[in-house]
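One structure is given here, and the rest of the page talks about it.
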Amino acid sequence: MSRALVAGVDSSTQSCKVVIRDARSGALVRQGRAAHPEGTEVHPERWWAAFQEAIERAGGLDGVAAMSVAGQQHGMVCLDESGDVVRPALLWNDTRSAGAARDLVDELGGPARWAEAVGSVPVASFTVAKLRWLAEHEPDNARRTARVCLPHDWLTWRLAGGSGEITTDRGDASGTGYWSPATGAYRTDLLELALGAAPELPRVLAPNEQAGALHDGTAGAGGGPVRLAPGTGDNMAAALGVGARPGDVVVSIGTSGTAFAVADTPSSDPSGAVAGFADATGRFLPLVCTLNAARVLDAAARLLRVTPEELDELALQGPPGAGGLVLVPYLEGERTPNLPEATGSLRGLTLATATPAHLARAAVEGMLCGLADALDALHLEPRRVLLIGGGARSEAVRRIAPTVFGRPVLVPEPGEYVADGAARQAAWLLAGGPEPPEWTVGEPVRYEAPPTPGLRERYAEAAAAASATART
Ligand SMILES: Nc1ncnc2c1ncn2[C@@H]1O[C@H](COP(=O)(O)OP(=O)(O)O)[C@@H](O)[C@H]1O
Ligand SMILES: O=C(CO)[C@@H](O)[C@H](O)COP(=O)(O)O
């Protein structure tokens, strides 16, 4: 009998990736990817087109028995009574809803009230803030909105034929700002506070509950329809894909930078730095997110007119600390710290530091300093720090990270850990049982180096100056 395969999808900010793996062992069989459009508002049909292209590049779904979709968190997908998309989705990195988030925090009585209600204090990224923006700026679209869901919910629903019930999971629901990880229930009062109405919300599935089946009649392995697992947010899927255990902190350098940990109990941080998310297994996922990660390196490479590999070489030629040159990487505003209107800045420019090597080094160090602050905000003493995401493919990032974090980092073999986590979720649907099936993840490579003296302090000063400018 042929072996059963599972497909895992990562519909993230910049692209859609598909992996097809053996359901039992987790061995990679084939994979594909396709780009998403630029910008912070995207019509969901563009994700669908990229998904289909990625599946085709992965050689189709032959032999696949179950599939699961992980997606970028928080994106606001509004549907009307007929299931048509009301307007392009506003993505997690669209900061137009910053004022709406501030208003919502005030209206509920301050950040502590939100942290208590839903585990997180909303900033521009959260769906709840985007819905308030919609109510204020596009009241006709707000009125037309009969259902609200998230990117992975919409793709899963579309795969099942685009009619009937929409579903979600605990992980992604926890990024809306109107679902509580601690109680496992929606706070429709907060949805109403934001939108002035309570459109229908996706049903929150248990971690290995079936979301439906592939609509187009594609027969799965064994002749039955391809079964759909609940799917989840991309960070929750990454935790599953990399096999994160209590005591691990995962630092992901994708479009966003995230630092997160698997926890047995819910968290709530009234400072707003740590989002108290749920994970994809029934546990919790405290997470700190920055808006500026791998694309800081893309921008530096563009400025210097070099390839990513050449940027790595330059950064590794530059002296630790970049001779005092500090790049504060708020290129898209920032989320943690919450400075949606901030811009990037360069400090410490002298004749000596005005070289490509110094700038490349400062870009890598500045981006990593933002993530070091994220790690600190978790207030954990991690057993392991695992580095993943597109930016972790950079040799300079791997070698410089320990000098900034002040601890060794472990880098798993480069891979698509979000899509892998989704595939593991699909395998869990097939296998049943209380825990996902054990898949072997290769031994990570350990990078170790002494901390660079004074670097974090200089960054803190430069970031404080950038933040003071943004607040005036
Ligand atoms: N070798 C590399 N060096 C530096 N950055 C890289 C490298 N490979 C990929 N990246 C960066 O990774 C980013 C994409 O990471 P990914 O985790 O796929 O993002 P997302 O999931 O948010 O779409 C891009 O900005 C890309 O430039
Ligand atoms: O908003 C968050 C986490 O709260 C982001 O991490 C998004 O989920 C987008 O992820 P990437 O596309 O950068 O992986």
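Counting starts at 1 for both ligands and their atoms, following the listed order. Only this structure's heavy atoms are used, side chains among them; waters, hydrogens and symmetry mates stay out.
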Among all protein heavy atoms in this structure, tell me which lies nearest to [atom], with the distance rounded to 0.1 Å.
atom: atom 1 (O) of ligand 2; value: R335 NH1, 2.8 Å
atom: atom 13 (C) of ligand 1; value: A294 CB, 3.5 Å
atom: atom 14 (C) of ligand 1; value: Q14 NE2, 3.8 Å
atom: atom 12 (O) of ligand 2; value: T13 OG1, 2.5 Å
atom: atom 10 (O) of ligand 2; value: D234 OD2, 2.8 Å
atom: atom 5 (C) of ligand 2; value: S256 OG, 3.4 Å
atom: atom 1 (N) of ligand 1; value: R393 CB, 3.6 Å

- request: Can you sort out which atoms of ligand 1 are near G391, meaning under 4.0 Å from one of its heavy atoms?
  value: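 Once the distances to G391 are compared, the set is 12 (O).
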Close-contact set for ligand 1 against S394 heavy atoms, below 4.0 Å: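 Once the distances to S394 are compared, the set is 3 (N), 4 (C).
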task: Return yes or no for this condition: an N or O of Q73 is under 3.5 Å from an N or O of ligand 2.
output: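 The answer is yes, given that Q73 and ligand 2 share an N or O pair closer than 3.5 Å.
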message: Restricting to non-hydrogen atoms, name the atom on A322 and the atom on R361 that form the minimum distance, rounded to 0.1 Å.
response: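 Heavy-atom minimum between the residues: CB-CG, 3.9 Å.
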- prompt: Would you say T167 and P230 make side-chain contact, with heavy atoms under 4.5 Å?
  reply: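 The answer is no, as the side chains (C-beta and beyond) never meet within the 4.5 Å cut-off.
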query: Can K17 be said to touch ligand 1, with heavy atoms closer than 4.0 Å?
result: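 Contact check K17 vs ligand 1: positive.
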Using a 4.0 Å heavy-atom cut-off, say whether [X] meets ligand 2 through its side chain, its backbone, both or neither.
X: Q14; value: neither
X: N235; value: side chain
X: T255; value: both

field: Qualifying residue, where the test is side-chain contact (heavy atoms from CB on, under 4.5 Å) with Q73 and the options are T176, T232, D172
entry: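 Option passing the side-chain contact (heavy atoms from CB on, under 4.5 Å) with Q73: D172.
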[X], any N or O under 3.5 Å of ligand 1 N or O:
X: D298; result: yes
X: G390; result: yes
X: S256; result: no
X: T255; result: yes
X: E416; result: no

Looking at [X] and [Y], would you say the former's side chain and the latter's main chain have a donor-acceptor pair under 3.5 Å?
X: S256; Y: L291; value: no
X: N292; Y: G333; value: yes
X: R132; Y: A194; value: yes

- prompt: So with a 6.0 Å cut-off around CZ of R96, is the heavy-atom count from everything else above 12?
  reply: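 Buried by this count: over 12 neighbours within 6.0 Å.
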task: Count the heavy atoms belonging to other residues, nucleotides or ligands that lie under 6.0 Å from CZ of R383, then report whether that count exceeds 12.
output: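 Atom CZ in R383 is packed in, count exceeds 12.
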query: Can a salt bridge be assigned to the pair R30 and E56 using a cut-off of 4.0 Å between side-chain N and carboxylate O?
result: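 Here R30 does not pair with E56 in a salt bridge, since their nearest N and O are not under 4.0 Å apart.
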task: Could you list the atoms of ligand 2 found under 4.0 angstrom from a heavy atom of H74?
output: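 Reading through ligand 2 atom by atom, the close ones are 1 (O), 2 (C), 3 (C), 4 (O).
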field: Enumerated ligand 2 atoms positioned under 4.0 Å from heavy atoms of S12
entry: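 Listed by number with element, the hits are 12 (O), 14 (O).
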- prompt: Which distance, rounded to the nearest 0.5 Å, do you find between the CD of E395 and the CG of D312?
  reply: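 That separation rounds to 7.0 Å.
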- request: Look at the rings of W47 and W154 and say which category their plane angle falls in: under 30° parallel, 30 to 60° tilted, over 60° perpendicular.
  value: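 W47 vs W154 ring planes: perpendicular.
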field: Test item: side-chain donor near acceptor, W428 and T281, under 3.5 Å
entry: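 No, no side-chain donor-acceptor contact under 3.5 Å.
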